[in-house]
Number of protein chains: 2
Amino acid sequence: MKRAATRGTRKGSFDRPQHDHARCIADALQSAGTVCAAQGVRLTEQRRRVLELVWQSHRPIGAYEILDQLTDGSGRRAAPPTVYRALDFLLEHGLIHRVESRNAFIGCSHPGTEHVVEIMLCTDCGRAAEIDDQRIDRAVRAVAAEIGFRIERQTIEIAGRCGHCQARPAHA
Amino acid sequence: MKRAATRGTRKGSFDRPQHDHARCIADALQSAGTVCAAQGVRLTEQRRRVLELVWQSHRPIGAYEILDQLTDGSGRRAAPPTVYRALDFLLEHGLIHRVESRNAFIGCSHPGTEHVVEIMLCTDCGRAAEIDDQRIDRAVRAVAAEIGFRIERQTIEIAGRCGHCQARPAHA
DNA sequence: AGTGTATTGTTATACTATATCAAGAACAAC
DNA sequence: GTTGTTCTTGATATAGTATAACAATACACT
Ligand SMILES: [Zn+2]
Ligand SMILES: [Zn+2]
Ligand SMILES: [Zn+2]
Ligand SMILES: [Zn+2]
């Protein structure tokens, strides 16, 4: 289960604003199915819907934003545990990532593969991009090794302005 | 105002558990006074007390933990805005850092100097250490430059087990 | 003392997340 | 297909984190 990782327009950087995002969503859902099948867990309808909502854009989305959109057919809003349980499942199986500095979530850009999560966040358009580069991780590991620190988890979130937004006046 | 940065036992790594922590606190309070004077802002008693509580250990402390210890002489607990305002002030003037992955705060180990905040968090003893090393920042900037991203703020929090804790059975 | 600004007090409320127990759906074995 | 088991969802309550808004006080400066 390595091949779904680099499909679509996802390339470890910020997509063009006009990219075919329906494709991003479709790819994410398909990969999720594959990952869950491989791990012998169930991608239930509820979980699939939450994943789809997370992927509705490249902006980190909060649990309660998801909640507001998660009506149960007859328009009744779900309760918090419903969405948090789905999010926990998706986190555990590497289908989404938590953005700590925002209390929000983004879809994982390379599900089914082991990787350190490194995220860039545009403060202008609000979008996030998962970085796919070994250098930061290598630097972190070098520093940790020197002071005898055994790494368990890395939270790397870089806020700033993406290339597309720099090419325009702010907040345009 | 560069010289207070490397005083005491603070060295960009985890202190020995038995270090002279009273010295850490004293140094932090003294540096804070210097920084505030240099910036022409007031380190009020309230702010000084909150800073002291943040520095009571090297473990990140939550706003409400501070609140619980912030009695107003006659034993009356302060209200949330009181502590959040003090924390905001201390953050703005670089005297503390927010640990995003924990919704908590630590004292800054080199106040009064420009620096990227990189934090290691021990999942065993719970302590935090601010790293003072250029390599991670250089790697981050190299990656950002390649994709045309202009960095504004970095959140780098590495969780794992510190050297002191690895030298003992877990949770000892 | 008088005026303007910065700080703190106070109350209410918003936002984020989890605990707990009950009900329902899926699955395996018989 | 029924039973027993496990996983998943529903529902209610509550915990934990953070801010809005406005009043009162303290401080700095003339
Ligand atoms: Zn897309
Ligand atoms: Zn990922
Ligand atoms: Zn110390
Ligand atoms: Zn610092």
Side-chain angles (χ1 to χ4, degrees), chain A residues 32-33 36-37 39-54 59-93 95-106 126 155 157, chain B residues 32-33 36-37 39-54 59-93 95-106 126 155 157:
Chain A
C36 288
Q39 301 191 15
V41 293
R42 288 169 44 206
L43 183 63
T44 62
E45 179 58 15
Q46 192 93 256
R47 293 165 176 167
R48 207 193 60 84
R49 284 165 70 204
V50 169
L51 180 59
E52 196 170 1
L53 288 171
V54 168
R59 289 181 191 71
I61 185 172
Y64 280 73
E65 282 179 80
I66 294 171
L67 206 41
D68 289 338
Q69 298 179 60
L70 199 63
T71 53
D72 89 333
S74 59
R76 279 177 44 73
R77 207 189 75 149
T82 299
V83 72
Y84 279 104
R85 281 192 284 234
L87 289 170
D88 286 344
F89 173 90
L90 297 169
L91 284 169
E92 268 168 30
H93 296 91
L95 299 171
I96 63 174
H97 297 302
R98 185 181 158 80
V99 182
E100 300 287 356
S101 59
R102 301 271 233 267
N103 294 331
F105 304 84
I106 59 170
T155 298
E157 299 173 7
Chain B
C36 288
Q39 302 192 14
V41 294
R42 288 169 44 204
L43 183 62
T44 62
E45 179 59 14
Q46 192 93 257
R47 293 165 176 169
R48 208 194 58 84
R49 284 165 71 204
V50 169
L51 180 59
E52 195 171 0
L53 289 171
V54 169
R59 287 179 192 71
I61 186 172
Y64 280 74
E65 282 179 80
I66 294 171
L67 205 42
D68 289 339
Q69 299 180 60
L70 200 63
T71 54
D72 90 332
S74 58
R76 277 177 45 74
R77 208 190 72 149
T82 299
V83 71
Y84 278 103
R85 281 192 283 234
L87 289 170
D88 286 345
F89 172 90
L90 297 170
L91 284 169
E92 268 168 30
H93 296 90
L95 299 171
I96 62 173
H97 297 303
R98 185 180 158 82
V99 182
E100 300 287 356
S101 59
R102 302 268 235 266
N103 293 332
F105 305 84
I106 58 171
T155 298
E157 299 173 7

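Excluded from the calculations below are hydrogen atoms, water molecules and symmetry mates; all remaining heavy atoms, backbone and side chain alike, are included. Chain naming here is simple, since letters A, B, ... match the order of the sequence lines and numbering starts at 1 in each.
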> Which pair of non-hydrogen atoms, one from Leu51(B) and one from Ile96(B), has the smallest distance, and what is that distance?
Replying inline: CD1-CG2, 3.7 Å
> Atom CZ of Arg49(B) to atom C1' of dG9(C): distance rounded to whole Å?
Replying inline: 14 Å
>> Of all nucleotides in DNA chain D that come within under 4.0 Å of a heavy atom of chain A, which is furthest toward the 5' end and which toward the 3' end?
In response: dT8(D) to dT12(D)
> Residues two or more places apart in sequence or in another chain: which of them pass side chain to side chain donor-acceptor pair (under 3.5 Å) with Thr82(B)?
Replying inline: none
> What string of B, S and - do you get for nucleotides 12-27 of chain C 5' to 3' if you count protein non-hydrogen atoms under 4.0 Å?
Replying inline: ----BBBBB-----S-
> What does the inter-axis angle of the helix from dA1(C)-dT30(D) to dC30(C)-dG1(D) come out as, five pairs per end, nearest 10 degrees?
Replying inline: 30°
> Who are the side-chain contact (heavy atoms from CB on, under 4.5 Å) partners of Arg85(B), not counting sequence neighbours?
Replying inline: Pro81(B)
>> Applying side chain to side chain donor-acceptor pair (under 3.5 Å), can you list everything that pairs with Gln69(B), at least two apart in sequence or on another chain?
In response: Gln56(B)
> Over how many whole Å does the gap from Arg77(B) atom CZ to dT8(C) atom P extend?
Replying inline: 18 Å
> Of all heavy-atom pairs between Leu90(A) and Val50(A), which one has the smallest distance, and what is that distance?
Replying inline: CD1-CG1, 3.9 Å
>> Checking Asp68(B) now: which residues fulfil salt bridge (charged side-chain N to carboxylate O under 4.0 Å, His left out) with it, not counting sequence neighbours?
In response: Arg77(B)
>> The criterion is side-chain contact (heavy atoms from CB on, under 4.5 Å); which residues satisfy it with Arg48(B), sequence neighbours excluded?
In response: Leu29(B), Leu43(B), Glu45(B), Glu52(B)
> Mind checking what makes ring-ring contact (aromatic ring centres under 6.0 Å, His included) contact with Phe89(B), not counting sequence neighbours?
Replying inline: His93(B)
>> What I'd like to find out is whether the side chain of Val54(A) reaches to under 4.5 Å of the side chain of Leu95(A), using heavy atoms alone.
In response: no
> Who pairs with Arg98(A) by side-chain contact (heavy atoms from CB on, under 4.5 Å), at least two apart in sequence or on another chain?
Replying inline: Leu91(A), Glu100(A), Asn103(A), Phe105(A)
